[in-house]
Amino acid sequence: ELLLESVFLSVDPYMRPYSRRDMKEGDIMIGTQVARVVESKNPAFTVGTFVVAGSGWRTHFISDGKDLQLIPSSWPESLPRSLALGTVGMPGLTAYFGLLEVCKIKPGETVLVNAAAGAVGSVVGQLAKIGGCKVVGSAGSDEKVAYLKKIGFDEAFNYKTVTSLDEALHKASPDGYDCFFDNVGGEFASIAINQMKKYGRIAVCGAISQYHDSMPQKGPYVQVPIVLKELQMEGFLVTRWNNRREEGLKALLKWVMEGKLKCHEQVTEGFENMPAAFIGMLKGENLGKAIVKV
Ligand code: NDP
């Protein structure tokens, strides 16, 4: 066994629906961290090594090593290890596999992504640009919109201040969208689906606008546009490609090192501020990946 100490912890949207569904009061909150080995009786993990663990909201924990993922010793000195929870970690992989395997993007296509300035969305937009697509993103503040333009989005708008979401989507791409990477669901998705091109693909990655609902939201329902435009709409979990994790991380790390994939983190200091960071992320206070530094 080994003793580990959390260095960075992640706050992620999935914690909201999963904790509501699976946890009871008093349980340790679910979550992942970058942790440092402080004592070890396990030869695979020497003291001082860094790993990604899924040990929940804890400063210290004991592990038998089975579910730990080593951060490679080749991890560049110039990169913060917290990126292993963001762009070069689960959210980056979500963008990578969602775009490649679900949207199946092709050069010249137009890709729409919402929650675009967040951990997943900001990678989606940049990878779609690397893949030769036109990219449209929406986000919840003017600062986020300015960031999206800075990192190469062709079009970006603040969905909270536009007078009509339908018009904003049309203005950004009058010909419609080949791919829609949906992080938000709900009303946004209901409107966007009508602007898909024929044979368009929708990757249903998340539905953050619905995670707080105690009653399910009602339509408009999706079947008519799906039929008339012959759309494909597929939900996915990043864990489907666990067997290709190394491939994805290698590609993401390479693009980061080449400067083609920019990363931004919203770092909250102090383990005691985990709840505030989590609630803040759900309210949209984060630009890029929300991280807590112990
Ligand atoms: P983000 O870094 O994007 O943070 C969440 C963002 O969601 C906020 O910053 C906010 O941005 C936006 N948001 C919050 N509430 C609403 C709302 N009611 N309507 C619209 N936007 C809202 O988080 P992640 O990048 O980690 O996750 C993005 C999505 O991807 C989530 O739905 C998550 O569940 C999903 N996901 C799915 C995975 C999978 O395997 N399928 C894996 C990882 C994530 P803004 O200011 O723009 O409103």
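All ligand and atom numbering here is 1-based and tracks the order in the structure.
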Legend entry - Side-chain donor-acceptor pair present, Glu269, Asn273, cut-off under 3.5 Å: no

Inset, instruction - Give me the ring orientation class for Phe188 and Phe157: parallel if the planes are under 30° apart, tilted from 30 to 60°, perpendicular past 60°. - result: parallel

Legend entry - Protein heavy atom at shortest distance from atom 27 (O) of ligand 1: Pro13 CG, 3.5 Å

Legend entry - Heavy atom of Ala207, distance to ligand 1 below 4.0 Å: yes

Inset, instruction - Provide, to 0.1 Å, the distance between atom 25 (O) of ligand 1 and the closest protein heavy atom, together with that atom's residue and name. - result: Val120 N, 2.7 Å

Inset, instruction - Name the closest protein heavy atom to atom 4 (O) of ligand 1, giving the residue it belongs to and the distance to 0.1 Å. - result: Asn286 ND2, 3.4 Å

Inset, instruction - Could you see which bit of Tyr211 sits under 4.0 Å from ligand 1, with heavy atoms only: side chain, backbone, both or neither? - result: side chain

Inset, instruction - Could you pull out, from Glu143, Lys144, Met90, the option with a heavy atom nearest to atom 11 (O) of ligand 1? - result: Lys144

Inset, instruction - For atom 13 (N) of ligand 1, grab the closest protein heavy atom and report residue, atom and distance to one decimal in Å. - result: Ile208 CG2, 3.7 Å

Inset, instruction - Report the nearest protein non-hydrogen atom to atom 10 (C) of ligand 1: residue, atom name, distance rounded to 0.1 Å. - result: Gly284 CA, 3.6 Å

Legend entry - Heavy atom of the protein closest to atom 42 (C) of ligand 1 (residue, atom name, distance): Thr94 OG1, 3.3 Å

Legend entry - Distance filter under 4.0 Å to Gly288 heavy atoms, resulting ligand 1 atoms: 2 (O)

Inset, instruction - Could you tell me whether the side chains of Gln69 and Arg245 share a donor-acceptor contact shorter than 3.5 Å? - result: yes

Inset, instruction - For Asn114 and Asp182, test the side chains for any donor-to-acceptor distance below 3.5 angstrom and give the result as yes or no. - result: yes

Legend entry - Numbered atoms of ligand 1 (with element) below 4.0 Å of Ala119, judged on heavy atoms: 1 (P), 2 (O), 3 (O), 25 (O), 26 (O)

Legend entry - Aromatic ring pairing Trp241/Phe97, orientation class (parallel under 30°, perpendicular over 60°, tilted between): parallel

Inset, instruction - Closest by any non-hydrogen atom to atom 17 (C) of ligand 1: pick that one out of Ser209, Gly118, Ala139, Ser141. - result: Ser209

Legend entry - Closest protein heavy atom (residue, atom, distance) for atom 40 (O) of ligand 1: Val238 N, 2.7 Å

Inset, instruction - Below 4.0 angstrom from a heavy atom of Met281, which ligand 1 atoms are there? Numbered from 1 as shown, please. - result: 4 (O), 5 (C), 8 (C), 9 (O)

Inset, instruction - For Val184, take its heavy atoms, then give the atoms of ligand 1 lying under 4.0 Å from any of them. - result: 19 (N), 20 (C), 21 (N)

Legend entry - Cationic N near anionic O, under 4.0 Å, Glu234 to Arg240: yes

Inset, instruction - Would you check if there is a donor-acceptor pair between the side chains of Glu101 and Tyr96 at a distance under 3.5 Å? - result: no

Legend entry - Lys260: partners by side chain to side chain donor-acceptor pair (under 3.5 Å), with sequence neighbours left out: Glu258

Inset, instruction - Kindly say whether Lys24 contributes a backbone atom to a donor-acceptor pair with the side chain of Asp27 at under 3.5 angstrom? - result: yes

Legend entry - Among Lys197, Arg201, Lys104, side chain to side chain donor-acceptor pair (under 3.5 Å) partner for Glu109: Arg201

Legend entry - Option set Cys205, Gly206, Gly121, criterion heavy-atom distance to atom 37 (C) of ligand 1, minimum: Cys205

Legend entry - Which segment of Leu282 sits under 4.0 Å of ligand 1 when only heavy atoms are counted: backbone

Inset, instruction - Please collect all salt bridge (Lys or Arg N to Asp or Glu O under 4.0 Å) contacts where either partner lies in residues 128-147, sequence neighbours excluded, each pair once. - result: Lys129-Asp154

Legend entry - Shortest protein heavy-atom distance from atom 30 (O) of ligand 1, along with the residue and atom involved: Asn183 OD1, 3.3 Å

Legend entry - Trp241, Phe181, Tyr159: member with heavy atom nearest to atom 48 (O) of ligand 1: Tyr159

Legend entry - Donor + acceptor pair across side chains of Glu265, Asn286 (<3.5 Å): no

Inset, instruction - Would you tell me which option among Pro91, Ser122, Gly185, Gly140 has the nearest heavy-atom contact to atom 47 (O) of ligand 1? - result: Gly140

